[in-house]
Structures are given as structure tokens and as C-alpha cells.
A.B. asks: 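Right, I'll just put the structure down here and ask away after.
Position 1 is the first residue of the sequence, and the numbers go up from there. The figures that follow rest on heavy atoms only: side chains count, while hydrogens, waters and symmetry mates do not.
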Amino acid sequence: MAYYFEEASHTFNEYLLVPGYSSSECIPTAVCLDTPLVRYRKGEESAITLKTPLVSAIMQSVSGERLAIALAREGGCSFIYGSQSIEDEAAMVAAVKGYKAGFVVSNSNIRPDQTLADIIALKEKTGHSTVAVTEDGSATGKLLGIVTGRDYRVSRMDPSLKVSEFMTPLEKLVTAPEGTSLKKANDIIWDHKLNSLPIVDENGNLCYFVFRKDYDQHKANPNELLDAEKRYVVGAGINTRDYAERVPALVEAGVDVLCIDSSEGFSEWQSRTIAWIREHYGEDVKVGAGNVVDRDGFRFLAEAGADFIKVGIGGGSICITRETKGIGRGQATALIEVCKARDEYFEETGIYVPVCSDGGIVHDHHITLALAMGADFIMLGRYFARFEESPTAKINIGGTLMKEYWGEGSNRARNWQRYDLGGAGKLSFEEGVDSYVPYAGTLSDNVRVTLAKVKSTMCNCGALTIPELQQKARLTLVSSASIVEGGAHDVVLHTPKATNDR
């Protein structure tokens, strides 16, 4: 006879936090959101500690290199999507790792015989306004000059004008020799009032750029998530098919943490993948696994050696796994059970395996609920897909700016490996949809508002850290009537009239 869970599965929207005593010390500026990303032993610290408890989903429409940089700047971590070629994924990881080293390999390069039209197209592609002019148009070619926004005016110049005619030539540039320290490079930038400093080798070949904005951004972003070499931390998704080729390439590119991307993680395929990584890299390569929704799934992956475990099946806004296959569990109920199993495992073994809540987040306060229920950090897809830095295009639909957002189980993504059950290499049916989400602006502006809400609620609960929130939180189930009561009701909302500024 089948096993029946006695409790109905619940979503985050069916819970509220009940306020606790708040002392005068409980102010949002005093809240610390540090949280472990990977497993550690009792008495030790996690090898990677997030400054912000948010990571981006392993999705084509979410986690590219731009978003990875923007999120690491705020203290979180992105997982570059694995549903692409090994070479392309490794290149994205390398781009993120190279961005914050201080010495940035140029990804905007052009030949002197190309045109202004080529400059404009290159800027659209990369988003960067500083373009290196090299003899062969490569990132390491002989430096001949640079082009910045100050060197041309689109409205006044012919698009066919050669780059050599309007670039700032080498003889007018301040450069530094290969081997110059980052401190010395920044001193040169400040002394000469530069925005960028090219670093060249003894043969005049371009090696790197050092940018003034990197120094300024570091000062403006104290929560940046950096590795020991002051580079941004970045993760990457892998599957259970080509890991023997993909993992070495990602490690070579400098990835900090991996995660097996699968809709359902309670499987031999995941344990085989983890075992291969442990055999070839020991504990040096960190790898998360999942997704699971109960105690048994957590225990299986923890004992297999996963460095963190993702919770959630069917709760994502573009996921239709529950509709198509009839499997899954309400995200809140799944998270509560798995976090309880996590704590039991820690008591038994002295090994703490962080739990990632993946899916089911509709409102910002759901993040706080997930943390209170035991999650160490939250994986978000739709939330990040809305931002300027996500990889998708902005589209005007009926006067509203939208961004494209599709599931990894959709026909568009063709990510059959994520749903792999050992059969043929193809997607038999869809488990995700293709959609749009409203454009919301930059990641930094939105994340800071979200975290302000999280910190404020934590103070209402009398907690200044995530572990303290998990210890002190008091949660109550709510009825459908109280959900209605919780929003604006029984009033006619006032909508300000648009002004006509003539």
C-alpha cells in the first residue's frame, strides 16, 4: 500500500511570522546576513560564506556573466547555466573570474581598419564603452590606441569612418608595463586622472586593463563576495551525463562551486556524479546537489557527499512538473522537513550541510519566511530574470517593458539533461513554460530594497542573524480569509493622475 503523508503540503503564502520581543539593539543596520554556502564540520567555518543569502538559478534566462558579476558585487553568488556547450560555460566562468582580479582581460577589441559602425555594434554586444584598438583586433594584440565614448559622436560622424581616424593613439595614452602591481596601477590612475590604464608587455602587446570604476565600486560595495585573490566568486551548473568533461573545464576556468542541475535529485545518477568529483578532486571542488523535498532525499545526498542541498520540486513560476508528472510538494512543508533532517544530521555527524530553498518565492517576505523555516540561502529565478543584468532581451509589450523568461524544461531551453532518467538524450515532454516578466531595473537597486525588508522583519522577530532568526522565529498558518485581510481591501485605491509637463 502506498505511503500517505498525514499533513497537507503548504506554500509560503500560507504562513506568517508572529512578531517577537525587539530590543533597542534590533535595528536593520545591525543585522548580519552572513550564511554558509558549503558544508563544514562543527567548530570550523564554511569555505565559502555568502554576505547575502541569495543565489541565482541555473537557467539560460537568468544566470549569465553580467548577472554573476552584479550579484557577487552585492554579496550573493550566481550559478552559470550548464545547458550550453562546455567551452561556452567555461568561458563565462573565466570572464567573471577575470573581471574582478583588478587586471581585466579586454573583451572589447577592434582593428584600426574597422569603422565607427563596428564600434557601436561592439558596444551593444558587450556593454563596455572602452575599446582596445590592437593590430589584429585581439585582446592580446599589439596596442595601437583606445576608443572611448569621448572619441566619437554618432550624430556628427559618418558610420563608415575608420577607427584609426578618431581613436586616441598609443602615443597619447598613459600605459604601465606588465608586472605593475594593482596598487601601483591605481596610483597611476589617480595621479593622471584616468578612467582606465592599459598594461602592456615588453613588445607592446596588450595584457590587461585596470579600471578606475573597479576601485570605486569596491569602496561602494563592502559586501562584495571575493575569493582569496580578490576575484568575484561564481558558481556553475553541471549535469549527470558529461561531468567527466565539464567539471575539469570549469575547474580550469576558476569556478568556486558547482551544482548538479536536476529537477529531482534523489537518484543514483547524482551520487555517481558526486563520487566521481570526490575521486578526482577530493574535497577541494565544492558541489551542491538536489532537488529533494523530504528527509530521505536529504539524507541520501548528504551521505553521498553533497556540499549543499537544494529543496523544491514544482514550485518555480515557470515550472509545470507538478502538472505534467504529478510529483512535488508544497515548498514550505518540504523546506521545514528537510531543514529538520539537516539539523538531525548535524547532531549525529558534526557535519553541517547548508540547505538552499529553490522555488516558491512570490513576494519578498517569502524570502524571510524561507530563512526562518531553516533555509541557509535562497535560489531565485524569476526574481533575477527581471533585472537589467539578466541575459535576455527587453521587449516592449503594450507599452510595458518586459524581459523574456523561460524554464529549463521548456522546448526553448532543450535542457533534457536536467530531467535525465537514464534514457535517450532528448526532451520527451515539457516541464517548463516560455514567458515574460516585467522589467524591474538594475539588480543592485532591487536587491537592496529586498534585503531592507528582510532585515526589518528580522528585527520584528528580535533577531540580528539568520541562525538567531531560525531559533526565535514563531510561525503561524493562515486561512484564506486572513490572506485576503492581509492586503488592501474594502477601499477604492487612489491612483494619482498623470501630470502634463509642457
Side-chain angles (χ1 to χ4, degrees), residues 64-66 68-69 80 84-152 154 157 159-182 184-185 188-189 194-214 229 231-232 234 236 248-255 391:
E65 58 195 84
R66 285 186 66 207
I69 291 167
I80 301 294
Q84 58 179 320
S85 72
I86 294 172
E87 294 75 19
D88 287 347
E89 186 180 13
M92 281 192 176
V93 169
V96 177
K97 299 307 291 185
Y99 187 90
K100 193 53 190 176
F103 298 96
V104 180
V105 176
S106 177
N107 75 338
S108 294
N109 312 288
I110 206 162
R111 297 189 314 274
D113 61 336
Q114 291 182 264
T115 66
L116 174 59
D118 294 322
I119 288 283
I120 295 167
L122 187 58
K123 184 179 178 182
E124 285 225 353
K125 178 182 177 182
T126 66
H128 298 153
S129 57
T130 299
V131 179
V133 184
T134 60
E135 201 167 64
D136 61 0
S138 73
T140 56
K142 189 175 182 64
L143 183 66
L144 302 178
I146 65 171
V147 174
T148 70
R150 293 178 296 182
D151 291 313
Y152 61 89
V154 175
M157 294 166 63
S160 64
L161 192 66
K162 299 291 186 185
V163 169
S164 58
E165 296 184 47
F166 61 88
M167 70 181 187
T168 300
L170 179 62
E171 56 267 22
K172 292 186 178 181
L173 295 177
V174 176
T175 64
E178 187 177 16
T180 301
S181 70
L182 185 58
K184 177 63 176 175
I188 294 172
I189 286 173
L194 307 173
N195 287 323
S196 63
L197 176 69
I199 307 295
V200 296
D201 66 17
E202 58 183 8
N203 297 315
N205 296 314
L206 178 64
C207 300
Y208 310 102
F209 274 108
V210 177
F211 292 97
R212 173 192 288 263
K213 66 179 181 180
D214 284 348
E229 297 176 37
R231 302 176 300 176
Y232 282 135
V234 62
L250 295 173
V251 171
E252 177 68 23
V255 74

A.B. asks: If every non-hydrogen atom of Pro159 is compared with every non-hydrogen atom of Thr115, which pair is closest and at what distance?
C.D. replies: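 Between these two residues, the closest heavy atoms are O-CB, 3.4 Å.
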
A.B. asks: Applying side chain to side chain donor-acceptor pair (under 3.5 Å), name anything that partners Asn195, two or more places apart in sequence or on another chain.
C.D. replies: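 In terms of side chain to side chain donor-acceptor pair (under 3.5 Å), with neighbours along the sequence ignored, Asn195 is linked to no residue.
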
A.B. asks: If we ignore hydrogens and angles and just use 3.5 Å, is the side chain of Lys97 paired with the main-chain N or O of Tyr232 as donor and acceptor?
C.D. replies: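 Answer holds: yes.
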
A.B. asks: So how far is it from Thr148 OG1 to Met167 CE, rounded to the nearest 0.5 Å?
C.D. replies: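 If I round to the nearest 0.5 Å, the distance is 13.0 Å.
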
A.B. asks: Once rounded to the nearest 0.5 Å, what's the spacing between atom CG of Leu250 and atom CD1 of Ile86?
C.D. replies: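 CD1 of Ile86 is found 8.0 Å from CG of Leu250.
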
A.B. asks: Minimum heavy-atom separation for Ala249 and Ala90, please, with both atom names.
C.D. replies: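 Reported closest heavy-atom pair: O-CB, 3.9 Å.
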
A.B. asks: Please name all residues satisfying side chain to side chain donor-acceptor pair (under 3.5 Å) with Ser164, sequence neighbours left out, ordered by chain then number.
C.D. replies: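 Not a single residue meets the side chain to side chain donor-acceptor pair (under 3.5 Å) criterion with Ser164.
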
A.B. asks: Does anything in residues 127-147 form a salt bridge (Lys or Arg N to Asp or Glu O under 4.0 Å)? List the pairs, not counting sequence neighbours.
C.D. replies: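 Applying salt bridge (Lys or Arg N to Asp or Glu O under 4.0 Å) to every pair that reaches into residues 127-147, excluding sequence neighbours, yields nothing.
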
A.B. asks: Nearest heavy-atom pair of Tyr152 and Lys123: which atoms, and what distance?
C.D. replies: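 Scanning both residues completely, I find the closest heavy atoms to be OH-CD, 4.0 Å.
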
A.B. asks: Heavy atoms, side chains only, cut-off 4.5 Å: are Val163 and Asp118 in contact?
C.D. replies: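 Val163 vs Asp118: side chains apart.
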
A.B. asks: Would you name the heavy atoms of Ala185 and Val210 that are closest together and state the gap between them?
C.D. replies: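 Closest pair (atom of Ala185, atom of Val210, distance): CB-CG2, 4.0 Å.
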
A.B. asks: Which residues satisfy the salt bridge (charged side-chain N to carboxylate O under 4.0 Å, His left out) test with Arg111, sequence neighbours excluded?
C.D. replies: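 So Arg111 forms a salt bridge (charged side-chain N to carboxylate O under 4.0 Å, His left out) with Asp113.
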
A.B. asks: For Asn107 versus His128, what's the shortest heavy-atom pair and its separation?
C.D. replies: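 Between these two residues, the closest heavy atoms are OD1-ND1, 2.9 Å.
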
A.B. asks: Using the side chain to side chain contact (heavy atoms under 4.5 Å, CB included) rule, pick out the option among Ile199, Ile188, Leu170 that qualifies with Thr175.
C.D. replies: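 The passing option is Leu170.
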
A.B. asks: Looking at side-chain heavy atoms only, is the closest gap between Phe209 and Ile146 below 4.5 Å?
C.D. replies: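 In short, these two side chains touch, coming nearer than 4.5 Å.
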
A.B. asks: Using the test side chain to side chain donor-acceptor pair (under 3.5 Å), find all partners of Ser108 that sit at least two apart in sequence or belong to another chain.
C.D. replies: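 For Ser108, the residues satisfying side chain to side chain donor-acceptor pair (under 3.5 Å) (neighbours in sequence not counted) are Thr126.
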
A.B. asks: Within a radius of less than 6.0 Å around CZ of Phe211, do more than 12 heavy atoms belonging to other residues, nucleotides or ligands occur?
C.D. replies: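 Check passes, neighbour count above 12.
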
A.B. asks: When rounded to the nearest 0.5 angstrom, what is the spacing between CZ in Phe166 and CG in Leu161?
C.D. replies: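 Between Phe166 CZ and Leu161 CG, I get 6.0 Å after rounding to 0.5 Å.
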
A.B. asks: Looking at CD of Glu178 and CG of Leu206, how far apart are the two atoms once the value is rounded to the nearest 0.5 Å?
C.D. replies: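 Answer rounded to 0.5 Å: 10.5 Å.
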
A.B. asks: Apply side chain to side chain donor-acceptor pair (under 3.5 Å) to Ser129 and list each qualifying residue two or more places apart in sequence or on a separate chain.
C.D. replies: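 For Ser129, no residue satisfies side chain to side chain donor-acceptor pair (under 3.5 Å) once neighbours in sequence are set aside.
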
A.B. asks: Between Asn109, Val200, Asn205, which is the residue that forms a side chain to side chain contact (heavy atoms under 4.5 Å, CB included) with Leu143?
C.D. replies: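 In the set Asn109, Val200, Asn205, the residue that makes a side chain to side chain contact (heavy atoms under 4.5 Å, CB included) with Leu143 is Val200.
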
A.B. asks: Atom CD of Gln84 and atom CG of Asp88: how far apart are they, to the nearest 0.5 Å?
C.D. replies: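 Rounded to the nearest 0.5 Å, the CD-CG separation comes out at 5.5 Å.
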
A.B. asks: Shortest non-hydrogen contact from Pro112 to Thr134?
C.D. replies: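 Pro112 and Thr134 have their closest heavy atoms at CD-O, 3.4 Å.
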
A.B. asks: Do Thr168 and Asp151 meet the criterion of a side-chain donor-acceptor pair at a distance under 3.5 Å?
C.D. replies: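 A donor-acceptor contact under 3.5 Å links the two side chains.
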
A.B. asks: For atom CD of Glu124, is the number of surrounding heavy atoms from other residues, nucleotides or ligands below 6.0 Å larger than 12?
C.D. replies: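 Not more than 12 within 6.0 Å, no.
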
